[in-house]
Amino acid sequence: MPELPEVETVRRTLENYVLNKEIRDIDIFYNKMIRNQSIEAFRNQLIGKKIDRIERYGKHLVFVIDEYALISHLRMEGKYFIKHLEEERNKHEHVIFYFTDDSTLRYQDTRKFGTMDLILYKDLHLNSPIVKLGYEPFNNLLDSKYLKQKLSKKTVAIKSALLDQTIITGLGNIYVDEVLFRCNLNPNMPSNQLKKKDYDNVILYSKQVLEKAINLGGTTIRSYTSSLGVTGRFQNDLLVHTKVGTPCVVCGTEILKTKVNGRGTYYCPNCQK
DNA sequence: GTGACCACCTGGCCGC
DNA sequence: TGCGGCCAGGTGGTCA
């Protein structure tokens, strides 16, 4: 699924294709994808406008279109493609933006989990899904004091806490497994049992793992391949995620797969006691 | 306030 | 080969 590195890769790639293009028309084939506007209002507010820039907050892409912010969340399998006007629509393309130069931006989502919210840009940090997000690992405000405040009263498993986007934003199932392995933390450990060095390690390795993944263009696995022909290479650097049955790179113990609050979770039972 | 559970959705996989 | 059932999972809503 697209996590922060994959979304950042999509953002950087799309910037090369859609900036300053004028929207001539929009087709929406799955109405539930547009959450906070009627289809008519969504179209009326964007048609005739140009895409000024693309921002990213955690896993949210924000297309800045004149005075509006189009907040797109790819969820599980959302992807964007640039295609010529005349290319046939495939059945998983749910929103198509037509530009005046006869190119199109197409949002494709096999499972239809993705969402789009359209708000005024001035309200982006006042009244939008962005407001609830915690700090990204790259934010200097994310320190051990902040983590202690957020986690020290939580009994929920550390894996679940790190997936909570209101605490740290940008980590998803793949990268949480990788971070916990590097921290030698068991995914089921109650959040309130972490020590100061654990907070420091979570911050350090979250940053390290995400930075490397961004540099490698994200991770390409069965449930996610990037758009526009961009393929990530971080899957070659995964140490535990999807490695069930293979020896741990540190101690040689067989990597196990379990479930933590319903999420598939990979870990080394020896390194992550 | 917290945590558990469910719905959303469809392709892939497995067993029969 | 075809069918049914299960699994995958980020997020928001509901309920205890």
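In the text below, chain A, chain B and the rest are named by the order of the sequence lines, each starting its count at 1. Just so we're clear, the structure is a prediction, and the values are computed from it rather than from any experiment.
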Practice task
May I ask you to verify if any side-chain N or O of A/K154 is less than 4.0 angstrom from the OP1 or OP2 atom of B/dG3?
Solution key: yes
Practice task
Tell me what A/T155 touches on the nucleic acid: a base, only sugar-phosphate, or nothing, going by heavy atoms under 4.0 Å.
Solution key: sugar-phosphate
Problem - Atom-pair distance (CZ on A/R35; P on C/dG10), nearest Å - result: 16 Å
Problem - Rounded distance (Å) that lies between atom P of C/dT11 and atom CG of A/D117 - result: 13 Å
Exercise for the section: Between A/F113 and A/P129, name the one whose nearest nucleotide on DNA chain C is closer to the 5' end. Expected result: A/F113
Exercise for the section: Mind calculating the distance between CG (A/L151) and C1' (B/dG3) to the nearest angstrom? Expected result: 15 Å
Completion exercise
Testing C/dG12, C/dG9, C/dA8 for proximity to the side chain of A/R75, the answer is C/dG12
Practice task
Mind calculating the distance between NZ (A/K150) and C1' (B/dG3) to the nearest angstrom?
Solution key: 16 Å
Exercise for the section: Rounded to the nearest angstrom, tell me the gap between atom CZ in A/R263 and atom P in B/dC5. Expected result: 12 Å
Exercise for the section: Identify whether the distance between the nearest side-chain nitrogen and carboxylate oxygen of A/D109 and A/K79 falls below 4.0 Å. Expected result: no
Problem - Test side-chain contact (heavy atoms from CB on, under 4.5 Å) applied to A/I65 and A/I23, step by step - result: CA-CA 9 Å; A/I65 305 172; A/I23 300 169; 4.2 Å; yes
Handout entry: Presence of A/K32 side-chain N/O under 4.0 Å of B/dC9 phosphate oxygens OP1/OP2
Key = yes
Problem - Electrostatic pair A/E15:A/R12 at N-O distance under 4.0 angstrom - result: no
Problem - B/dA4 phosphate, OP1 or OP2, under 4.0 Å from A/N261 side-chain N/O - result: yes
Problem - Rounded distance (Å) that lies between atom C1' of C/dG10 and atom CG of A/L74 - result: 11 Å
Handout entry: Protein-nucleotide distance (A/K132, atom NZ; C/dG10, atom C1'), rounded to Å
Key = 13 Å
Exercise for the section: Grab the CE-P distance between A/M116 and C/dG10 for me, whole Å please. Expected result: 20 Å
Practice task
Give a yes or no on whether A/K83 atom NZ has more than 12 heavy-atom contacts from other residues, nucleotides or ligands under 6.0 Å away.
Solution key: yes
Problem - Residue-phosphate contact under 4.0 Å: A/K112 side-chain N/O, B/dT10 OP1/OP2 - result: yes
Handout entry: Phosphate OP1/OP2 of C/dT11: any A/Q165 side-chain N/O under 4.0 Å
Key = yes
Problem - Polar pair under 3.5 Å, donor/acceptor by atom type, side chain A/R111, base B/dG11 - result: no
Practice task
Assess whether side chain to side chain donor-acceptor pair (under 3.5 Å) is satisfied between A/Y68 and A/Q45, documenting all intermediate values.
Solution key: CA-CA 8 Å; A/Y68 293 102; A/Q45 288 171 102; 3.3 Å; yes
Practice task
Could you tell me whether A/D109 contacts a base, only the sugar-phosphate backbone, or nothing, with contacts defined as non-hydrogen atoms closer than 4.0 Å?
Solution key: nothing
Exercise for the section: Looking at every strand, decide which applies to A/K257 at a 4.0 Å heavy-atom threshold: base, sugar-phosphate, or nothing. Expected result: sugar-phosphate
Handout entry: Aromatic ring proximity A/H94/A/F29, centre distance under 6.0 Å
Key = no
Exercise for the section: May I ask you to check whether A/H92 and A/F81 place their ring centers less than 6.0 Å from one another? Expected result: no
Fill in the blank from the handout: For A/K148, the salt bridge (Lys or Arg N to Asp or Glu O under 4.0 Å) test, sequence neighbours excluded, returns none
Practice task
Would you indicate, yes or no, if C/dT11 has its OP1 or OP2 atom less than 4.0 angstrom from a side-chain nitrogen or oxygen of A/K59?
Solution key: yes
Problem - Selection from C/dT11, B/dG3, B/dC9 that lies nearest to any side-chain heavy atom of A/Y30 - result: B/dC9
Fill in the blank from the handout: With five pairs defining each end axis, the helix from B/dT2-C/dA16 to B/dC16-C/dG2 comes out bent, to 10°, by 50°
Practice task
Check the pair A/K159, A/N173 against side chain to side chain donor-acceptor pair (under 3.5 Å), reporting the backbone distance first and the verdict last.
Solution key: CA-CA 9 Å; A/K159 161 120 187 188; A/N173 203 39; 2.6 Å; yes
Problem - Closest listed nucleotide, where the reference is the side chain of A/K91 and the choices are B/dG3, C/dG10, B/dG11 - result: B/dG11
Practice task
Please determine if a side-chain N or O atom of A/H73 lies less than 4.0 Å away from the OP1 or OP2 oxygen of C/dT11.
Solution key: yes
Fill in the blank from the handout: Ranking B/dT10, C/dG10, B/dC8 by distance to the side chain of A/H92, first place goes to B/dT10
